[in-house]
Amino acid sequence: MEKDCVFCEIIRGVRPADFLYQDDSLVIFKDIHPHAPIHWLVVPRRHIRSINDLSDQDGDIISQMILKAKEVAKDHAIAESGYKLLFNVERGGGQFIFHLHLHLLGGW
Ligand code: AMP
Ligand code: ZN
């Protein structure tokens with residue numbers, strides 16, 4: 001847990017969020033400023049700053065994030081119509097919250 005990290009606060013339960021899914025490794029909640037009819041964030045519980053900070057040992061969490069995104073897209077009937085999975089990496093890549101997250105955008 002990182003001090004002053006918005007997503008760590010959400011995961012700790014001290015800041016509200018609209019959760020769709022939670023397990024021991026990751027959580028999924030709705031983006032507060034959606035850019036699509038469906039815009040969710042897939043967030044590991046462990047504080048990792050960005051894709052740049054992944055180590056060779058982090059393959060599991062990345063695959064869990066992508067596989068769970070695929071599963072919730074199917075469960076919410078947006079898999080067939082299509083969706084985007086997006087990582088913004090660091091400031092130049094459009095990252096504003098420095099706790100790793102995968103955007104799931106769809107529902108068009
Ligand atoms: P990024 O630009 O990749 O860092 O994306 C951060 C995302 O987090 C943005 O789409 C924000 O709208 C979203 N966001 C910021 N604060 C919150 C919050 N408290 N609850 C849910 N989503 C948030
Ligand atoms: Zn954090």
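Counting starts at 1 for both ligands and their atoms, in listed order.
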Practice task
Show which atoms of ligand 1 fall inside a sub-4.0 Å distance from at least one heavy-atom site of His33.
Solution key: 12 (O)
Completion exercise
For atom 17 (C) of ligand 1, the closest protein heavy atom turns out to be Ile32 CG2, 3.6 Å
Problem - Non-hydrogen atom of Asp18 closer than 4.0 Å to ligand 1 - result: no
Practice task
Please work out which of the three classes, parallel, tilted or perpendicular, describes the rings of His99 and His47, given edges at 30° and 60°.
Solution key: perpendicular
Practice task
Taking all non-hydrogen atoms of both residues into account, name the closest pair between Ile10 and Pro16 and its distance.
Solution key: CG1-O, 4.1 Å
Problem - Minimum-distance protein heavy atom relative to atom 2 (O) of ligand 1 - result: Gly94 O, 2.7 Å
Practice task
Examine ligand 1 and decide if any of its atoms is less than 4.0 Å from a heavy atom belonging to Phe87.
Solution key: no
Handout entry: Side-chain ion pair, Arg46 and Asp58, N-O less than 4.0 Å
Key = yes
Fill in the blank from the handout: If we number the atoms of ligand 1 from 1 as shown, the ones under 4.0 Å from a heavy atom of Ile10 are 18 (C), 19 (N), 20 (N)
Handout entry: ligand 1 atoms in contact with His101 (distance to a heavy atom under 4.0 Å)
Key = 1 (P), 3 (O), 4 (O), 5 (O), 6 (C)
Completion exercise
dist Leu86:CG -> His35:NE2 (nearest 0.5 Å) comes out at 10.0 Å
Completion exercise
re atom 4 (O) of ligand 1, the protein heavy-atom contact at minimum distance is Phe96 N, 2.7 Å
Practice task
Is it possible for you to say whether Ile48 and Phe87 belong to one hydrophobic cluster, with membership spreading through side-chain heavy-atom contacts below 4.5 Å?
Solution key: yes
Handout entry: Salt bridge present between Glu2 and Arg49 (N-O < 4.0 angstrom)
Key = no
Problem - Which residue and heavy atom of the protein sit nearest atom 12 (O) of ligand 1, plus the separation - result: Asp31 OD1, 2.5 Å
Exercise for the section: Taking only heavy atoms of Asn88 into account, list the atoms of ligand 1 that are under 4.0 Å away from them. Expected result: 1 (P), 2 (O), 3 (O)
Handout entry: Atom name, His47 (N, O or S, nearest to the Zn ion (ligand 2))
Key = ND1
Practice task
Identify the protein heavy atom lying closest to atom 15 (C) of ligand 1, giving its residue, its atom name and the separation to 0.1 Å.
Solution key: Ile97 CD1, 3.8 Å
Practice task
Could you tell me whether some N/O pair between Leu41 and ligand 1 is separated by less than 3.5 angstrom?
Solution key: no
Exercise for the section: Take every heavy atom of Ala17, measure it against each atom of ligand 1, and state whether any distance is under 4.0 Å. Expected result: no
Fill in the blank from the handout: Smallest heavy-atom separation, Ser50 atom then Val89 atom, equals OG-CG1, 4.2 Å
Exercise for the section: Measure Phe7 to ligand 1 on non-hydrogen atoms and call it side chain, backbone, both or neither using the 4.0 Å cut-off. Expected result: side chain
Exercise for the section: Could you tell me whether ligand 1 has any atom less than 4.0 Å away from a heavy atom of Phe29? Expected result: yes
Exercise for the section: Please verify whether a non-hydrogen atom of His103 lies at under 4.0 Å from ligand 1. Expected result: yes
Problem - Tyr83: which of His76, His39, Lys70 passes side chain to side chain contact (heavy atoms under 4.5 Å, CB included) - result: Lys70
Problem - NZ/NE/NH1/NH2 to OD/OE distance under 4.0 Å, Glu71 and Lys74 - result: no
Practice task
Measure across Val42 and Met65 and return the closest heavy-atom pair with its distance rounded to 0.1 Å.
Solution key: O-CE, 3.3 Å
Handout entry: Angular separation of Cys8 SG and His99 ND1 about the Zn ion (ligand 2), given to 10°
Key = 110°
Exercise for the section: Would you name the heavy atoms of Arg91 and Phe98 that are closest together and state the gap between them? Expected result: NH1-CE1, 3.6 Å
